[in-house]
Amino acid sequence: MRATSILALVASALALCAVGASAECEGDVPASVLECYEKAYSGRDLESLSGLYADDYLWVAIVPQGAEVLDREQVMESARNMFQHPEVRSVTLSFSGESSVIENEADGTWRIEGVVATLETLYGEVSEAQVARTCATLYVRQNGEGFELFREVTLGNDDCEAWTALGSTN
């Protein structure tokens with residue numbers, strides 16, 4: 001239950017980007033979205049975040065009970081609530097891990113897999129941040145001069161090596 005709530009918070013925060021594609025993430029490579037995402041999220045910059053998410057963005061959380069799917073509007077609302085909550089003192093999103101960028105030559109999209117996403121939220125009177133980590137795969141496509149996210153899939157905990165090994169055995 002707590003893990004699902006934390007994943008929902010992560011999704012909400014990650015979905016903040018969903019306001020509207022007003023400005024894309026500029027960069028030379030698809031992995032540029034990682035830095036743009038970190039900066040926008042950690043700065044609570046709704047405009048920048050909105051430029052990261054495609055109009056058809058979906059967030060999919062693979063959880064023990066199955067999967068939760070949230071569309072752009074749902075994720076955006078949740079993230080906006082977190083960013084604007086008066087008790088939230090700071091929010092930090094960071095990406096790490098041994099990620100791989102894989103091109104889908106058929107349609108000019110890429111997936112960035114093996115990404116450890118870490119969300120740290122400090123709120124209320126507590127002195128230690130709440131930390132949630134998950135393994136993520138980000139689906140990216142070119143949008144004008146930059147890139148945008150159109151799918152985000154989070155898989156359980158932050159053991160991306162185990163999740164990517166499972167995917168490679170099929």
Notebook entry, point to check: Does Arg151 have any salt bridge (charged side-chain N to carboxylate O under 4.0 Å, His left out) partners at least two apart in sequence or in another chain, and if so, which?
Noted result: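 For Arg151, no residue satisfies salt bridge (charged side-chain N to carboxylate O under 4.0 Å, His left out) once neighbours in sequence are set aside.
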
Check: Listed by chain and number, what are the salt bridge (charged side-chain N to carboxylate O under 4.0 Å, His left out) partners of Glu35, not counting sequence neighbours?
Finding: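 By the salt bridge (charged side-chain N to carboxylate O under 4.0 Å, His left out) rule, Glu35 matches Lys39.
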
Margin query: Side-chain heavy atoms nearer than 4.5 Å, only ILVMFWY residues, links allowed to pass through others: does that put Val116 and Ile62 together?
Written below: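 Unlinked, Val116 and Ile62 end up in two clusters.
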
Check: Do the side chains of Val101 and Val33 join up, straight or via other hydrophobic residues, at under 4.5 Å, putting them in one cluster?
Finding: yes

Do [X] and [Y] touch side chain to side chain, with heavy atoms closer than 4.5 Å?
X: Val63; Y: Thr154; result: no
X: Val140; Y: Ile112; result: yes
X: Ile102; Y: Glu113; result: yes
X: Val88; Y: Arg44; result: yes

Item checked: Audit row: Val131, Thr118, side chain to side chain contact (heavy atoms under 4.5 Å, CB included) steps and yes/no -> CA-CA 7 Å; Val131 178; Thr118 303; 3.9 Å; yes

Note to self: Please enumerate all residues that pass side-chain hydrogen bond (donor to acceptor under 3.5 Å, both in side chains) together with Asp107, with sequence neighbours excluded.
What the structure shows: Asn104, Thr109

If you compare all heavy atoms of [X] against all heavy atoms of [Y], which two are closest, and at what distance to 0.1 Å?
X: Cys25; Y: Ser32; answer: SG-O, 3.5 Å
X: Ser48; Y: Ala40; answer: CB-CB, 3.7 Å
X: Gln142; Y: Gly144; answer: CG-O, 3.8 Å

Margin query: I need the Leu34 CG to Leu138 CG distance, nearest 0.5 Å.
Written below: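 So the gap between those two atoms works out to 6.0 Å.
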
Next item on the list: Supply the members, apart from Val29, of the Ile/Leu/Val/Met/Phe/Trp/Tyr cluster built from side-chain contacts under 4.5 Å; use none for a lone residue.
Entry: none

Checklist line | Tyr37 and Glu152 side chains, donor-acceptor separation under 3.5 Å | finding: yes

Item checked: Pi-cation contact, Tyr139 with Arg111 (under 6.0 Å, within 45°) ->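 No, a cation-pi geometry is absent between Arg111 and Tyr139.
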
Notebook entry, point to check: How far apart are the C-alpha atoms of Gln130 and Glu120, what are their side-chain angles, what is the distance that settles it, and do they pass the side chain to side chain contact (heavy atoms under 4.5 Å, CB included) test?
Noted result: CA-CA 6 Å; Gln130 290 276 335; Glu120 296 183 43; over 6 Å; no

Checklist line | With Gln84 via side-chain contact (heavy atoms from CB on, under 4.5 Å) - residues at least two apart | finding: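 If we apply the side-chain contact (heavy atoms from CB on, under 4.5 Å) test to Gln84, skipping adjacent residues, the hits are Leu46, Arg80.
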
Checklist line | Audit row: Glu68, Val60, side chain to side chain contact (heavy atoms under 4.5 Å, CB included) steps and yes/no | finding: CA-CA 6 Å; Glu68 294 179 42; Val60 181; over 6 Å; no

Item checked: Polar side-chain atom of Arg72 near backbone of Leu58 as donor-acceptor pair, under 3.5 Å ->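 Pair absent, no side-chain N/O of Arg72 close to backbone of Leu58.
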
Check: Distance-only, no hydrogens or angles: does the Asn143 side chain make a donor-acceptor pair with backbone N or O of Gly146 under 3.5 Å?
Finding: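 Looks like no, no N/O pair under 3.5 Å.
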
Check: If you count the non-hydrogen atoms of other residues, nucleotides and ligands that lie under 6.0 Å from CG in Asp56, is the total more than 12?
Finding: yes

Item checked: Leu52, Asp45, Leu149 screened by side-chain contact (heavy atoms from CB on, under 4.5 Å) with Cys36, the one that passes ->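 When Leu52, Asp45, Leu149 are each tested with Cys36, the side-chain contact (heavy atoms from CB on, under 4.5 Å) holds only for Leu52.
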
Margin query: Considering only residues two or more places apart or on different chains, which pairs with a residue in residues 97-124 satisfy ring pair (Phe, Tyr, Trp, His ring centres under 6.0 Å)?
Written below: Trp110-Phe147

Check residues 89-99 and write down every donor-acceptor pair under 3.5 Å in which the side-chain atom is one partner and the other belongs to a residue at least two apart or another chain.
| residue | atom | partner | partner atom | Å |
| --- | --- | --- | --- | --- |
| Arg89 | NH1 | Gly124 | O | 2.4 |
| Arg89 | NH1 | Val126 | O | 3.2 |
| Arg89 | NH2 | Val126 | O | 3.4 |

